[in-house]
Every structure is written in structure tokens, then in C-alpha cells.
Amino acid sequence: MTAHVKPKALDDFKARDFRMLIDGVWTEGVGRTLERVAPGHGVVVSRYPAGTKADAERAIAAARKAFDNGPWPRMTGAERSNILLRAADLIAAKADELAFLDCIESGKPISQAKGELGGAADIWRYAAALARDLHGESYNTLGEGTLGVVLREAIGVVSIITPWNFPFLIVSQKLPFALAAGCTTVVKPSELTSGSTLLLGEILIEAGVPAGVVNIVTGTGPEVGAPMTTHPDVDMVSFTGSTGVGRLTMANAAQTLKKVSLELGGKNPQIVFPDANLDEFIDAAVFGAYFNAGECCNAGSRLILHKSIADEVTARVAELAKKVKVGDPLDPTTQVGAIITPQHLEKIGTYVDGAAKAGASVALGGAALDLGLGQFMAPTILSGVKPDMAVAREEVFGPVLSVLTFETTDEAIRIANAIDYGLSAGVWSRDFDTCLTIGRKVRAGTIWMNTFMDGASELPFGGYRQSGLGRELGRHAVEDYTETKTLNMHMGARTGWWMPR
Ligand code: NDP
């Protein structure tokens, strides 16, 4: 076991003590305290209250009261929009502090964390615009005596549960849209990375969000998250995390038939044809596999290469991957940071060992890196992977790239679709027909053509099959947090049922 030396960058840093936000009041709770050890530095950086079931229930009651009696759902879209815009400005103003927290708690590189904060502020602005445009439909085509109006109403109290890999970005893909619709919320961030979400609570109060509209309860999934998925006063659950917990969330929510939105895992292929611009692709392959240390639902963790170029492309990807700078997340030149926990590092190693035993070759890396800081994993490439191996089908959630090959377009599509996930995919070819064929036949929520992992607030994001249910972002994102209500309005004499007039 390596002895950790507190890095210079954390010399003046004192572990921060956070509190939970329930009904507009910051509270320490009555439970234990959770300590977060920075994965890239091995020192305690944050302490949060370990919330209890009772804390979750108090937060749900506050959100219910704020929805049923409070001003938030009754405000005009413009009023809510202005508050969300103020929040976006405050997020931008505090981006460095938020990014620093995400960096030290999750182990992601500081430069990347800052980029995510810029993206998050943009999402809050986009949601603010949608708050003013939420509307239903009218039907003036039902005959002289009838006018039909379809209203969009806020669905009510929403439980928001988020994972550790993009702490601020993922809560920003949910919360501003729920707020734009007029919902009230209980948010549970990951117990490993709660800091930036709690700071967001301060920002929202400063921006003018009324008490009880956003409650933030820290703690573990089974203690705090589970009651948020079963409680009868919750109308909807918006969850991002693993497919296993997503499945449990859906089963829990089924007890009271809540609406569920799920963003889950992925095992995303990049399919490469011989006519592709390989210089562009090599860079995208390395980015897709090692961005966020591969702890990314969207990671391009499966390369499906045409047999004729497989050896050359694998060698070139390995050459570039060797240059990727793995190291101290606080170093602005670092490209790949730490692995979230020692247990997760071990799990990644088990996948690599299992693949080697099953017949794959370790073409690069394959082991943990001892940098004298926290826990790190070398960028890894496994070649000779077959579609039925665990490493080709399951989410490793680490910097591990599996290389498979194909000979015909149909075979590439078959391999791409032969898994339980369907979050995203990439296709690389200069031929329009080839790109479009893959785009239409691969079953995934996003298909990138001659690029990878680009995104925009305007573009919906979510998965097919066991990658999830529903879509986030895009112009329909606010509608996801609404119910429709039909007003069927009659004018003049009504035709009777049993006594015709
Ligand atoms: P988990 O599923 O382990 O946890 C996600 C959240 O659910 C955490 O806040 C966790 O709490 C909570 N949770 C755990 N158990 C329960 C329960 N019984 N009831 C309610 N909530 C519970 O995922 P990870 O945090 O490990 O995140 C990694 C996963 O997230 C990967 O599979 C990844 O693919 C997926 N993901 C998907 C994305 C997408 O958009 N499709 C985006 C990013 C990640 P805690 O851990 O604090 O105990």
C-alpha cells in the first residue's frame, strides 16, 4: 500500500464540512458523517451528513408542501425562467469552486471539470428558455359544440438520484428542467461526490428558489435513495446510475406506479470502415475510451474495426494512448485522472484478467499505476476480443478499450447490436450511405458520424433497451416533468344518452 503524501496543491486546503438542505434550512442531520477521501490524492476532502430514511421523508414532505401550497408551480414561466437564468449566472461565477470540488471528490482532471461546468451553465440557460415556452395543444376541429384543450401541468414532486462520474453535469441534466416545469424536488447525489450539488443548493437559494422547492439529502442509496423511490408523495423518479440499481428503482416505483426516467449504462461501439479518415478517428478513439478515465456511460469502449485495417488502427491507437497524460487531477495538464475508489479499480482489473484468460491479448497497459497519489489505472487496450466475452458485453467503467473486427456491414451491425445496452454508437466512413445505414440500423439513442461524444443542450440524450427509459436535454426535456390534462369543453345543447333530444 502506497503512503500518500498530501499534494502541494492541497497544502492550504481543509476538508470541507457540508450540511443537507431540507425545507430551506441547512441541517447536519442526526446520522453518522460520511468522509470522502479524494481518489487522486488519498486525503479526506469532504464530510457530509449520512442522511437517514427520516431525513428523506422530511425532504419529501417539504417538497410536497411546496408543490401543493407554494408559489413555485403557480409562478409564470417568465418568473421561473428569470430565477433559472440567475442560477446559471451564479453557476458561471462560481465555476472554479464547483469544478475544484468535482475534481478532488471524483478524481477527474481539473481542466475537464471546468469544461463540464461551462456545459452545465449552458444547460441551465437552455432550460430557462424552455420554461417560457411550455405549452399544450388546442383542437378547434371537433365540431361546433366542442373545443378541446390539452394542458401541460407540472407532474408534482420529483426524486432526482445521481451518480458520481459527472456530479454537477448530471444533476444539471435533470433539475433545471424539473424546475422549469414547476415541479418541486428532492435530490440525492452520490455519497462519493455530493459537494458540488450541495453548493448548487446555496446557489439556488441565492437565485431566489423558494424554500422546499429543492431539497438535497446526502447519504447512501439504500438509506436515502430507496425511500425516494417508494414514497407515495413522490410523483416521479429521475435516476441516473447503473442498470442494476435502475432496475431496482423501476420495481420500487412500480409499487405506487410513479413515472420513471432512467439513464443507465452503456457499452458503446465505434464502427470503423477502411475509407474512414483514420487520423481523425485515432484521436476520437483515444478520447472516447479514456475521457473521464473511461468512467463514462458514453465511453467508446468497443472498437469494431474492419479486418483489413484492424492491425494498423490498433497499433496507432496504442501509440497515441501511450502519450495520454495520466496523473494528479489538479495538474492542469492532466488528461486522465484517478479511479473513483480502490474497490472499483479492483473490479476493472478483474475484467482485464478475465479477458486475458478468455483469449484476448493485452495490447497496452492492463494494470494499475502507482503514482504515489491515490488509485490510477493505465490506459488499456485488449485486442482479439470476441463478441461473447464479458469484456465485450458488460460495462467495465474504466480506461479499457476492447477491439473486435468485422468483414461486412451486416456483421458490424450484428456485433454492435448483440448486447443488452443501446446508449450510443459511432460510425467512421467517408461514404454517406455507409454512415446512414449504420445510423438507421444500430439500436442506440445517439449515433455519432465521423465524430464521438459531442453534445449540445438542444440534442436529446438517453438509451435504448437496458441503457434506460426516456430522454434528457432537447426541447422535450421539460415535458418529461409534466402530466397532460384534457379539457373537453362543450357549448350549446348536449345530445342525451338515454333520452335523445
Ligand atoms: P449506482 O447505480 O451505484 O448509483 C447511482 C445512484 O443511485 C447513487 O446516488 C446511489 O447512491 C443511488 N442508489 C444506490 N442504491 C440505491 C437504491 N437502492 N435506491 C435508490 N438509489 C440508490 O451508479 P454509480 O454511482 O456507480 O454510477 C455509475 C453508473 O452510472 C454506471 O453504470 C454508468 O453507466 C451510469 N451512468 C449513466 C449515465 C447515462 O446518462 N446513461 C450517465 C452517467 C452514469 P450511493 O452510491 O450514494 O449509495
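Since this is a predicted model, take the numbers as computed values, not measurements. Both ligands and their constituent atoms are indexed starting at 1 by order of listing.
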Visitor: At a 4.0 angstrom heavy-atom cut-off, what protein residues surround ligand 1?
Guide: Ile161, Thr162, Pro163, Trp164, Asn165, Ile170, Lys188, Pro189, Ser190, Glu191, Gly219, Thr220, Gly221, Gly225, Ala226, Phe239, Thr240, Gly241, Ser242, Val245, Leu248, Glu263, Leu264, Gly265, Cys297, Glu395, Phe397, Leu423, Phe461

Visitor: What pairs with Phe376 under ring-ring contact (aromatic ring centres under 6.0 Å, His included), at least two apart in sequence or on another chain?
Guide: none

Visitor: Would you compute the distance between atom CG of Asp388 and atom CD1 of Ile419 and round it to the nearest 0.5 angstrom?
Guide: 13.5 Å

Visitor: May I have the step-by-step check of side-chain hydrogen bond (donor to acceptor under 3.5 Å, both in side chains) for Ser424 and Asn268, ending in yes or no?
Guide: CA-CA 5 Å; Ser424 64; Asn268 314 291; 3.2 Å; yes

Visitor: Is there a side-chain contact between Asn298 and Leu423 in this structure, where contact means two heavy atoms from C-beta onward sitting under 4.5 Å apart?
Guide: yes

Visitor: Could you go step by step and tell me if Thr256 and Lys258 meet the side-chain hydrogen bond (donor to acceptor under 3.5 Å, both in side chains) rule?
Guide: CA-CA 6 Å; Thr256 47; Lys258 299 182 198 315; 2.8 Å; yes

Visitor: Where do Ser238 and Tyr481 land on the side-chain hydrogen bond (donor to acceptor under 3.5 Å, both in side chains) test, with the steps shown first?
Guide: CA-CA 9 Å; Ser238 176; Tyr481 295 96; 3.3 Å; yes

